[in-house]
Amino acid sequence: MACKRGALIVLEGVDRAGKTTQCTKLVEALQDGGRAAHMMRFPDRLTTIGQLISSYLENKSDLEDHSVHLLFSANRWELVPLMKKKLEEGTTLIVDRYAFSGVAFTSAKPGFSINWCKAPDVGLPKPDLVLFLQLNPSAAAQRGQFGSERYETSSFQQRVEGRFEELMADTTVNWQVIDASQSIDEVHENIKRLSMNALTAAEDRPIGELWK
Ligand code: FDM
Ligand code: MG
């Protein structure tokens, strides 16, 4: 008998909402509970495409806006065979950013529609759960200064937040909003509960296709 597949769980949210911390804690909790779990993050800066993206984000190079959007998407597609393999083996994937960041960030630039931005990511493995870590700008500001990478300004982040809100209106995606202003442990407990439900629901369902 084939083993039950893993779940694809994505964490999204504004900068400093705690995505990376929570992804790490969730993977640990799942593994402690005896489940196979693996963390991924996008962009994956280690691949050849990821290195181009990383240099762009660090302002070490400039890339045309459409072109870099397609690179972010290509960086997801190049990892799809690995993602599918792991899911089919029964490993749950906890992913720090995904196509939703791709759309929210590019469509926050002038002249980009949400629909144009979604197109290259149509058909990616569909997350079983997308957790949106919500934090208002003043609470985010209290967590420290922005870094020096591209996009790390409060005006751009506010536009990104607006685009995330538009994406969350899409009920074909299983969005769950988490209040990220709570303590790390409280946020973790919420995330763990929702993730356990998603794991059970995913077991008997094939992997879906995003935005199709
Ligand atoms: N980002 C991330 C995009 O613009 N498009 C994408 O598809 C993805 C996945 O890259 F500013 C942006 C979001 C953020 C930056 O930062 C990556 P982190 O700190 O490595 O998540
Ligand atoms: Mg960052």
Side-chain angles (χ1 to χ4, degrees), residues 8-27 39-80 82-83 93-127 130-135 137 140-141 143-168 170 173 175 180 210-211:
L8 177 56
I9 299 176
V10 169
L11 272 75
E12 288 280 7
V14 295
D15 237 63
R16 292 171 301 183
K19 291 183 295 299
T20 307
T21 304
Q22 292 297 338
C23 281
T24 307
K25 282 182 76 75
L26 180 57
V27 168
M39 179 167 165
M40 298 180 72
R41 70 178 311 150
F42 289 110
D44 179 334
R45 302 190 191 213
L46 299 176
T47 70
T48 303
I49 294 169
Q51 287 168 30
L52 292 172
I53 294 170
S54 188
S55 151
Y56 171 82
L57 289 171
E58 293 170 23
N59 290 306
K60 289 181 181 156
S61 64
D62 284 318
L63 290 167
E64 196 276 333
D65 288 327
H66 300 78
S67 168
V68 75
H69 181 74
L70 297 173
L71 287 178
F72 275 109
S73 177
N75 183 232
R76 284 183 280 280
W77 281 108
E78 67 178 332
L79 285 153
V80 166
L82 176 71
M83 293 174 74
L93 298 178
I94 308 303
V95 186
D96 188 347
R97 298 190 189 276
Y98 198 50
F100 313 99
S101 275
V103 174
F105 278 76
T106 300
S107 69
K109 297 177 178 180
F112 284 86
S113 71
I114 287 205
N115 276 340
W116 188 89
C117 292
K118 278 170 141 177
D121 285 315
V122 169
L124 279 176
K126 182 178 181 169
V130 187
L131 295 156
F132 185 76
L133 272 59
Q134 198 155 47
L135 191 67
R143 295 187 176 183
Q145 296 299 304
F146 279 112
S148 57
E149 287 208 325
R150 207 180 282 265
Y151 305 145
E152 295 185 331
T153 66
S154 59
S155 61
F156 193 76
Q157 294 281 328
Q158 288 206 19
R159 293 172 57 82
V160 170
E161 160 82 27
R163 296 306 206 170
F164 272 125
E165 297 290 339
E166 286 181 58
L167 288 173
M168 282 191 273
D170 173 4
V173 173
W175 287 98
L210 181 62
W211 292 327

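Numbering of ligands and ligand atoms starts at 1, following listing order.
- A pairwise comparison of heavy atoms in E12 and S101 identifies OE1-OG, 2.5 Å as the closest pair.
- Of the heavy atoms in L57, only side-chain atoms (C-beta onward) come closer than 4.0 Å to ligand 1.
- Taking the side-chain hydrogen bond (donor to acceptor under 3.5 Å, both in side chains) definition, one finds that Q51 meets it with nothing, sequence neighbours left out.
- Counting heavy atoms under 4.0 Å from ligand 1, residue R45 touches it through the side chain alone.
- Here the rule is ring-ring contact (aromatic ring centres under 6.0 Å, His included) with H69, and of F112, W116, Y56 only W116 fits it.
- Counting atoms of ligand 1 from 1 in the listed order, those under 4.0 Å from a heavy atom of P43 are 2 (C), 9 (C), 17 (C).
- Evaluation of the side-chain hydrogen bond (donor to acceptor under 3.5 Å, both in side chains) rule for T153 yields no partner, not counting sequence neighbours.
- Note: no N/O pair closer than 3.5 Å links R150 and ligand 1 by distance alone.
- Residue F72 holds the heavy atom nearest to atom 6 (C) of ligand 1 of all those in F105, F42, Y56, F72.
- In terms of heavy-atom proximity, G13 sits nearest to F132 at CA-CE1, 3.5 Å.
- A 4.5 Å side-chain heavy-atom check between L8 and K126 finds every atom pair outside the cut-off.
- Residue R41 touches ligand 1 through its side chain alone, judged by heavy-atom distances below 4.0 Å.
- For ligand 1, the polar-atom distance check finds an N/O of R97 within less than 3.5 Å of one of the ligand's N/O atoms.
- Of all the atoms in ligand 1, the ones that sit under 4.0 Å from a non-hydrogen atom of R76 are 6 (C), 7 (O), 9 (C).
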